[in-house]
Amino acid sequence: MNETEGRNARVYAVVQRIPRGRVLTYGQVAAAAGLGAMARQVGYALHALPDHSPVPWHRVVNARGEISRRSVPGAELEQRIRLELEGVKFDARGRVRREWLSMEKAR
DNA sequence: AGCGTGACGCAGG
DNA sequence: ACCTGCGCCACGC
C-alpha cells in the first residue's frame, strides 16, 4: 500500500458517503479527505476507478457545478443521466443548482 | 530524469 | 459572470 493508494482510498471513502441525490465538488472532496487543496488528485483517484465500481463517482462535479470534460467522449452524458435519475436538476447551461452542492439535506 | 498532460481551483482583471 | 494565468502533483512516455 503506497501513498497514492492510501490517498485514493480516502477519496473513495468520502465519495461513498455522499448521499443519493446530492453532489460535491472535487475541492470539497479533497478537503474532506484530508488532501487540502489538492482537488486535482481527486480527479485522478476517480479516473482510476474500475468500471462497475460501487463508488458513486457521478456525484462529484467541478467548482462551477458542471460536469468536467473527460478524455473519453460520452462519459459526461452517463454522469448527467445518473444524476438526473437521482433527481438532481441542471440549469440551461448544464450546471447543477447550488442547493445540491453539499452533504446537507437542506440548503 | 525530464516534460507534457489533466475528472481542478482560486485570484485578478 | 466570464476569461486568463498560475499553483498543484501524480502519471505516462
Side-chain angles (χ1 to χ4, degrees):
Chain A
M1 174 71 80
N2 60 46
E3 189 52 45
T4 299
E5 291 171 39
R7 185 173 46 240
N8 287 356
R10 288 199 299 283
V11 169
Y12 301 149
V14 169
V15 177
Q16 281 276 20
R17 46 177 203 271
I18 301 176
R20 189 171 174 289
R22 301 212 55 90
V23 177
L24 286 192
T25 67
Y26 293 93
Q28 289 175 314
V29 173
L35 302 187
M38 299 185 229
R40 198 155 214 168
Q41 312 315 313
V42 174
Y44 282 111
L46 296 185
H47 187 66
L49 281 173
D51 286 344
H52 312 306
S53 165
V55 178
W57 53 269
H58 58 285
R59 295 178 191 151
V60 185
V61 298
N62 65 32
R64 297 182 313 193
E66 48 190 29
I67 293 170
S68 294
R69 295 292 302 274
R70 295 293 197 296
S71 42
V72 182
E76 299 102 315
L77 184 59
E78 184 189 351
Q79 181 170 7
R80 167 91 179 230
I81 292 187
R82 284 193 182 209
L83 289 175
E84 290 185 330
L85 284 174
E86 297 186 350
V88 176
K89 297 252 174 53
F90 291 77
D91 65 17
R93 306 180 61 173
R95 295 179 302 204
V96 302
R97 297 177 180 234
R98 275 207 171 315
E99 52 262 37
W100 271 271
L101 285 177
S102 149
M103 297 267 256
E104 308 306 314
K105 277 191 178 298
R107 177 167 58 84

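Residue numbers begin at 1 in each chain, while the letters A, B, ... track the order of the sequences. These numbers come from a predicted model, not from an experiment.
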Report the distance from atom CG of A:Leu101 to atom C1' of B:dG9, rounded to the nearest whole Å.
-> 14 Å

Can a side chain N or O of A:Arg64 be found less than 4.0 Å away from OP1 or OP2 on B:dA7?
-> no

Between B:dG9, C:dC2, B:dA7, which one does the side chain of A:Arg95 approach most closely?
-> C:dC2

How many Å lie between NE2 on A:His47 and P on B:dA7, as a whole number?
-> 7 Å

Taking atom P of C:dC8 as reference, at what distance in whole Å does atom CG of A:Leu35 sit?
-> 15 Å

Between A:Asn8 (CG) and C:dC11 (P), how many Å, whole number?
-> 7 Å

Does CZ belonging to A:Arg82 count more than 12 external heavy atoms closer than 6.0 Å?
-> yes

Separation of C:dA10 P from A:Arg10 CZ (nearest whole Å) = 12 Å

Roughly how many Å is it from CZ in A:Arg69 to C1' in B:dA7, rounded to a whole number?
-> 12 Å

Is any side-chain nitrogen or oxygen of A:Thr25 closer than 4.0 Å to OP1 or OP2 of B:dC8?
-> no

Ranking C:dC9, C:dC11, B:dC8 by distance to the side chain of A:Thr4, first place goes to C:dC11

Roughly how far apart are A:Arg98 CZ and A:Asp91 CG, rounded to 0.5 Å?
-> 11.0 Å

Counting heavy atoms from C-beta on, name the nucleotide in C:dA10, B:dG9, B:dA7 closest to the side chain of A:Ala63.
-> B:dG9

Any side-chain N or O of A:Arg93 less than 4.0 Å from the OP1 or OP2 oxygen of C:dC2?
-> yes

Can you list every pair that meets side-chain hydrogen bond (donor to acceptor under 3.5 Å, both in side chains) and has a residue in residues 2-13 of chain A, with sequence neighbours left out?
-> A:Asn2-A:Glu5, A:Thr4-A:Arg7

Spacing between A:Glu5 atom CD and C:dA10 atom P, to the nearest angstrom | 14 Å

Those residues at least two apart in sequence (or on a different chain) that pass side-chain contact (heavy atoms from CB on, under 4.5 Å) with A:Gln28 are A:Leu24, A:Thr25

In Å and rounded to the nearest 0.5 Å, what is the CD to NE2 distance from A:Gln41 to A:His47?
-> 13.0 Å

Does the B:dA7 base have a donor-acceptor partner in the side chain of A:Arg70 within less than 3.5 Å?
-> yes

Measure the distance from CZ on A:Arg40 to P on C:dA10 and round it to the nearest whole Å.
-> 12 Å

Minimum-distance nucleotide (side-chain atoms of A:Ala39 versus C:dG7, B:dG9, B:dA7) = B:dG9

Base, sugar-phosphate, or nothing for A:Arg7, non-hydrogen atoms under 4.0 angstrom?
-> sugar-phosphate

